[in-house]
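Convention: sequence-line order gives letters A, B, ...; per-chain numbering from 1. What you are looking at is a predicted structure, and each value in this text was computed from that prediction instead of being measured.
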Amino acid sequence: MGHNTAMCVEDKIIAIIAEQAFLEPKDIAPTNTLDELGVDSMGVVECIFAIEEQFDVQVPFNANSPEASQFDVSSIQSIIRAVEKLIEDKKQ
Amino acid sequence: MNRVVITGQGTINALGMDVASTVEAMSNGTCAIGPLEFDNVDRLNIQIGGQIKGYVAQDHFSRSNIGLYDPFTQYAVIASNEAISQSGLHFEGELGTCTGVVLGTAGGGLQTQDQNYRTVYQDGKNRVHPFVVPRLMNNAAASHISIIYGLKGPSFTVASACASSNHAMGQAYNLIRSGMAKVMMTGGSESMLCFGGIKAWEGLRVMSPDGCRPFCATRNGMVQGEGAAVFVFEDFDHAKARGADILAEVIGFAMTSDASDIVMPNKDGAARAIRLALNDTGINPEDVGYINAHGTATAMNDRIECAAIRDALGAAADKVMVSSTKAMHGHLIGGTGGVELLAAIAAVKDGMIAPTINHTQNDPDCDLDVVPNIARQERVKVAISNAFAFGGLNAVIALKAL
């Protein structure tokens with residue numbers, strides 16, 4: 001069950017990023033960075049908006065200092081992990 | 001071409017209810033940014049701003065006026081009353097026909113829109129106040145000033161986001177320069193501090209949750225403010241003939257477009273605007289003693305603005321004092337160039353160089369003299385004020401003491 005939810009989160013996030021990057025989900029690997037996929041800073045902001053809407057979570061992200069935000073956008077994998085944590089925190 | 005001077009100034013903003021208190025607060029490095037107070041502020045991620053505290057509309061206007069004046073109009077009228085009173089001008093007879101009003105605003109009557117959308121969408125009412133349209137329209141403030149004072153010359157409103165005030169003042173300058181007007185009321189006004197106003201800005205993720213720190217390595221975004229500043233621009237010969245007190249002379253203006261990105265700033269567009277403003281009347285870069293920066297405290301703006309200043313001024317950039325007063329009054333969006341011109345006037349008129357407060361750590365990408373934290377007393381020949389708007393629209397105005 002837990003595993004399925006995790007897969008689900010991953011698929012949904014990849015779908016969101018694929019749309020921003022004008023790519024097919026199959027062309028996106030968890031190790032990719034947003035930069036590699038051609039998602040610029042405004043694209044990141046749109047991805048985060050879509051993630052918040054999709055999972056009904058509040059993502060702590062400031063475009064001025066992405067590295068200082070508590071939300072790690074350095075790779076697709078880090079985004080997935082961060083969203084999973086937000087979903088987990090929300091349940092508690 | 002006619003020379004243009006400033007013979008009156010007025011304001012209301014988070015730092016003060018008039019020019020004297022605002023300039024004093026600037027010279028003291030006062031921070032007027034604090035917790036926002038309005039309905040549903042608890043639903044915002046960003047809960048700070050440069051809000052005008054203790055303002056009661058009824059202390060300034062009648063009930064029927066308030067029915068027609070959105071807060072952005074109220075602020076503009078209050079500022080213009082102060083400016084006109086200082087100028088000593090009266091507009092009966094011919095002068096009224098040669099005087100107009102050009103103001104800048106980005107949101108116009110945004111609070112009126114916010115309130116009335118609540119009424120129809122949230123409260124489910126089917127009726128709004130009959131004056132919603134004349135209250136929310138972006139030209140309401142300019143029109144009311146023209147009505148109150150009988151100003152029958154060229155009047156309109158300029159909307160170029162964060163550069164609105166500077167674009168407006170540039171139009172006023174050129175209208176007098178070219179002889180189309182003798183006197184112009186100009187500046188800008190903004191009143192976006194309401195739930196919808198901040199909620200929209202939050203989405204961009206460029207707002208700071210904890211403070212405005214321009215040019216500081218720890219900066220993490222902009223903080224909004226509100227208010228207005230309005231000036232009397234006057235034909236120099238006209239002002240001289242009547243023995244007016246002249247605060248400063250407007251000696252240059254330029255505007256450029258980046259033609260690149262809808263939100264990202266661009267060094268070349270900004271540098272070109274500064275250079276062209278100086279070229280407008282042949283100002284040497286070495287003569288520029290003070291720059292009131294756009295200095296929004298976003299990571300991007302401050303870095304690019306510093307590079308643009310270096311680009312435009314060359315070696316003179318090492319000597320010029322550059323400050324962003326937004327750390328004190330917040331970013332007034334369409335009204336910001338107005339309030340910031342107060343600092344430019346104080347610099348050339350009194351040698352009061354307003355500081356960039358909240359500066360704790362140098363940023364190597366902002367290696368100019370940013371007048372950290374403490375105001376200075378220094379004579380400067382020329383001051384310029386930068387405004388670089390979303391949409392890549394840049395406007396720079398230059399002043400000198402007479």
Should we count CG of B:Asp367 as having more than 12 external heavy atoms under 6.0 Å? yes
Compare every heavy atom of B:Met264 with every heavy atom of A:Ser41, then report the nearest pair and how far apart it is. OG-CE, 2.5 Å
Tell me, for B:Ile262 versus chain A, whether the close heavy atoms (under 4.5 Å) come from the side chain, the backbone, both or neither. neither
If one checks every heavy atom of A:Glu46 against chain B at 4.5 Å, the contacting part turns out to be neither
Would you check if A:Gln58 and B:Asn45 make a side-chain contact, meaning some heavy-atom pair closer than 4.5 Å? yes
What is the minimum heavy-atom distance between B:Val206 and A:Asn64, and which atoms define it? O-ND2, 3.1 Å
With a 6.0 Å cut-off (strictly less than), is the heavy-atom count around CD of B:Glu202, excluding the residue itself, greater than 12? yes
CZ/A:Phe49: more than 12 non-hydrogen atoms of other groups inside 6.0 Å: no
Using modelled atom types and a 3.5 Å cut-off, is there a donor and acceptor pairing between side-chain atoms of A:Asn62 and backbone atoms of B:Asn220? yes
